[in-house]
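In what follows, a single structure is set out as structure tokens and then discussed.
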Amino acid sequence: MEVSVPDLGDFADVEIIEVLVKAGDRIAPEDPIVTLETDKATMDVPAPAAGVVGEVKVAVGDRVSTGDPLITLDTDGANFEAPAPAAPRAEEAGAAGAAGKARRGESTAASTASADGGGAGGNGGAKAASAQAAGATKSAAKPAEPAEPAAAAPAAAGAASSGAERMVTVPDLGDFSDVEVIEVLVEEGDEVEAEQALMTLETEKATMDVPAPEAGTIVSLRVKVGDRVSAGDEIMVLRSRISTTGAAAPGLEPSAGTPAERAARQGSAAPAERAARQGSAAAAKPPAAEPPAVRPIGAAIDEAGFARVHASPSVRKLARELGVDLGRVRGSGRKGRVTADDVKSYVKEIMRGARPAEPALPPVPQVDFAKFGAIDVRPLGRIQRISGARVHASWVNIPHVTQHDEADITALEETRRSLKAEAEQRGIKLTPLAFVMRACALMLAELPKFKSSLGADGESLVFKEYTHIGFAADTPNGLVVPVIRDADKKDVYELASDLGRLSALARSGKLKADDIQGGVFTISSLGGIGGRFFTPIVNAPEVAILGVSRHAWQPVYRAGEFVPRLMLPLSLSYDHRVIDGADAVRFTTRLAETLGQVERLLEAVP
Ligand code: CAO
């Protein structure tokens with residue numbers, strides 16, 4: 001059967017803001033299929049019957065009207081009637097028209113009583129297996145009359161095949177053009193889901209993700225980090241996860257022409273065709289991107305976080321109007337989507353005093369430097385901008401304390417120097433950092449709280465059974481933190497080798513996403529440069545970071561006399577919500593002891 005848009009009351013040409021199913025999904029009656037959004041309300045279109053989704057005919061950003069096809073469904077053999085849209089969500093004022101109609105039963109949908117997989121059809125047992133047989137049109141149930149049957153009828157009944165390819169283009173960017181690609185989040189061959197972020201664009205005011213228009217496989221990328229793009233530019237080719245065997249399967253979508261023209265060329269029964277039929281330019285518009293976020297001076301909105309939040313344009317607008325930083329609101333919708341109700345509850349909690357208001361940071365004075373002499377304004381580098389935002393987020397969110405200590409590494413340095421030349425012959429640079437990392441891996445096994453993270457609810461601790469350790473690397477482009485996987489399973493030589501390899505990749509800007517993810521603890525070593533003690537900033541959501549400074553010979557009082565010892569300054573910053581001062585000093589004391597146990601550090605790791 002084909003499931004189409006039910007009676008929308010006074011609404012037409014309504015945007016699809018979420019597609020909640022994909023080809024192959026088994027769904028139950030009343031499961032939401034898509035979410036539609038008018039300028040006044042959002043509403044879910046529920047499944048009329050149980051079954052397996054064949055073809056998904058729409059994508060996020062498409063605009064649809066009553067009767068337009070949404071999906072094909074291999075039903076389980078029940079009778080069904082066309083669905084009503086769920087009443088617009090209560091919070092969305094002004095939606096009474098559509099909701100009223102739906103409730104009054106003016107739509108074809110009022111009676112969903114028989115829309116129950118094992119219902120009146122009685123032959124539910126015939127069902128899934130046969131219904132899924134490739135190419136078979138198993139409409140055991142009679143579909144409700146679509147508004148435009150000829151146009152909406154599918155060419156084939158959703159036979160699975162290798163999907164068709166389509167070009168993904170940059171959506172409408174509002175007033176922005178020539179925007180920088182700061183992150184490409186997928187690689188060729190990756191499987192993506194509808195709406196999954198494909199790449200991140202950055203204007204001078206906001207970052208925004210370009211979502212996948214549908215589920216599929218990335219065939220080829222047309223842009224790379226650093227490129228500049230505008231609305232409509234081709235960014236990648238996507239092979240749909242599933243297509244029909246009939247004429248409805250689109251080929252590679254040519255970039256020329258409007259979406260409506262392209263759809264017409266392809267013979268697609270997609271919404272663009274309706275646009276052509278209706279002469280509606282609006283219906284053919286590419287998905288609208290969120291209006292660029294503007295950061296007023298002094299406001300506490302984290303724009304990068306705001307842009308990443310899963311929320312509809314109207315909810316974003318509401319958050320802006322109320323001055324709410326969406327990144328701080330917990331989403332109660334599917335996949336954590338933030339609803340208007342969530343935003344309002346958040347504001348209510350603050351008003352009731354149940355949640356402390358996060359005061360805007362006082363603005364720093366704006367100075368016209370040119371008044372005092374010549375100046376040269378240079379843009380911050382990409383990495384600096386990204387790491388700057390992250391460091392700032394850690395700094396303002398985490399109550400930091402730093403515990404300082406010193407480790408006597410006289411014996412360790414002596415041994416390291418004796419092993420250095422031999423290691424170099426094997427292409428390994430055996431620096432003190434490799435030993436510090438080995439010691440930290442041992443400490444994290446002993447005191448696992450130092451590699452935990454606070455749960456999202458702020459009321460639980462997440463303990464990780466892996467020990468991936470990050471290290472801050474100074475590169476020409478700024479600070480990056482490569483991550484050494486399973487550092488606890490590597491001996492000093494393997495750690496030194498990983499340090500060398502990842503540092504080189506970091507300096508040449510060739511780290512992959514995988515190389516900088518999953519860390520549980522970070523080490524920031526400035527020892528190669530100089531300095532004595534500092535206060536590193538915790539790399540959230542981690543809870544601790546070890547700062548290492550330059551070792552120095554010092555007089556240490558021992559057995560009644562001062563003796564020269566090589567001392568390594570250690571600075572452990574930690575999240576005081578998770579780690580107490582006693583824990584921290586236990587960590588640094590044990591770490592210092594362990595750095596004195598050279599043989600233990602050099603032991604082979606099983
Ligand atoms: N005390 C004295 N000397 C030290 C030392 C220490 N704690 N740590 C390293 N050294 C020495 C090394 O032994 C090496 O000397 P030799 O060549 O004579 O052996 C020299 O300093 C340079 O070491 P390195 O920098 O090549 O290697 P590393 O393993 O110590 O560090 C890396 C690698 C990537 C961490 C480092 O190069 C780096 O980028 N450090 C900066 C990190 C940073 O910016 N942190 C701040 C983050 S917050 O802004």
Side-chain angles (χ1 to χ4, degrees), residues 380-381 383-395 398 400 402 404-425 427-440 469-484 487 490 492-511 515-516 519 521-540 542 544-554 565-573 591-592 595 601:
L380 283 177
I383 292 181
Q384 264 177 313
R385 278 181 281 140
I386 294 172
S387 68
R390 289 190 184 147
V391 165
H392 188 200
S394 290
W395 181 251
I398 295 180
H400 278 74
T402 305
H404 300 291
D405 210 337
E406 281 176 302
D408 183 338
I409 57 162
T410 315
L412 170 60
E413 246 327 77
E414 204 178 308
T415 309
R416 185 186 74 85
R417 285 187 181 282
S418 70
L419 299 171
K420 216 175 122 188
E422 185 250 342
E424 234 157 63
Q425 281 170 4
I428 296 173
K429 186 170 180 197
L430 200 56
T431 62
L433 184 55
F435 290 85
V436 173
M437 188 164 283
R438 176 76 193 120
C440 283
I469 300 183
F471 65 98
D474 182 30
T475 78
N477 296 322
L479 172 72
V480 287
V481 184
V483 174
I484 295 188
K490 294 179 176 166
V492 166
Y493 290 95
E494 289 169 297
L495 292 173
S497 161
D498 277 6
L499 278 167
R501 180 179 57 82
L502 289 168
S503 304
L505 288 175
R507 292 197 179 107
S508 57
K510 290 193 178 141
L511 287 169
D515 296 327
I516 52 170
F521 180 86
T522 299
I523 304 175
S524 175
S525 171
L526 293 172
I529 306 168
R532 304 274 301 148
F533 302 106
F534 63 111
T535 53
I537 296 177
V538 173
N539 188 11
E542 295 167 18
I545 179 169
L546 180 73
V548 181
S549 301
R550 192 166 190 81
H551 58 56
W553 288 101
Q554 285 181 43
R565 305 296 296 177
L566 190 62
M567 304 303 288
L568 181 72
L570 304 172
S571 306
L572 179 79
S573 292
L591 180 63
L595 286 168
L601 294 176

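Start at 1 and go down the list; that is how both ligands and their atoms are numbered.
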From L526, L570, T431 - option closest to atom 43 (C) of ligand 1 by heavy atom: L526
Please name the pair of heavy atoms, one in L568 and one in H551, separated by the smallest distance, quoted to 0.1 Å. CD1-CB, 4.0 Å
Taking a cutoff of less than 4.0 Å between a non-hydrogen atom of the residue and any ligand atom, is S549 in contact with ligand 1? yes
Does R507 have a heavy atom less than 4.0 Å from any atom of ligand 1? yes
If the cut-off is 4.0 Å to any non-hydrogen atom of [X], which atoms of ligand 1 fall inside it?
X: L479; result: 47 (C)
X: R416; result: 13 (O), 19 (O)
X: S503; result: 34 (C)
X: S524; result: 45 (N), 46 (C), 47 (C)
X: A472; result: 35 (C), 42 (C), 45 (N), 47 (C)

Any luck finding a side-chain donor-acceptor pair between N477 and T475 under 3.5 Å?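 Distance-only check fails for N477 and T475.
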Atom 25 (O) of ligand 1: any protein heavy atom closer than 4.0 Å: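 No.
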Under 4.0 angstrom from atom 1 (N) of ligand 1, is there any protein heavy atom?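 Under 4.0 Å from atom 1 (N) of ligand 1, at least one protein heavy atom found.
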Under 3.5 Å, side chain of S573 to main-chain N/O of I545, donor-acceptor pair present?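 No, because the side chain of S573 does not come within donor-acceptor range (under 3.5 Å) of the backbone of I545.
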My understanding is that only residues two or more places apart in sequence, or in another chain, count here; which of them pass salt bridge (charged side-chain N to carboxylate O under 4.0 Å, His left out) with R507?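 Listed in chain order: nothing, the list is empty.
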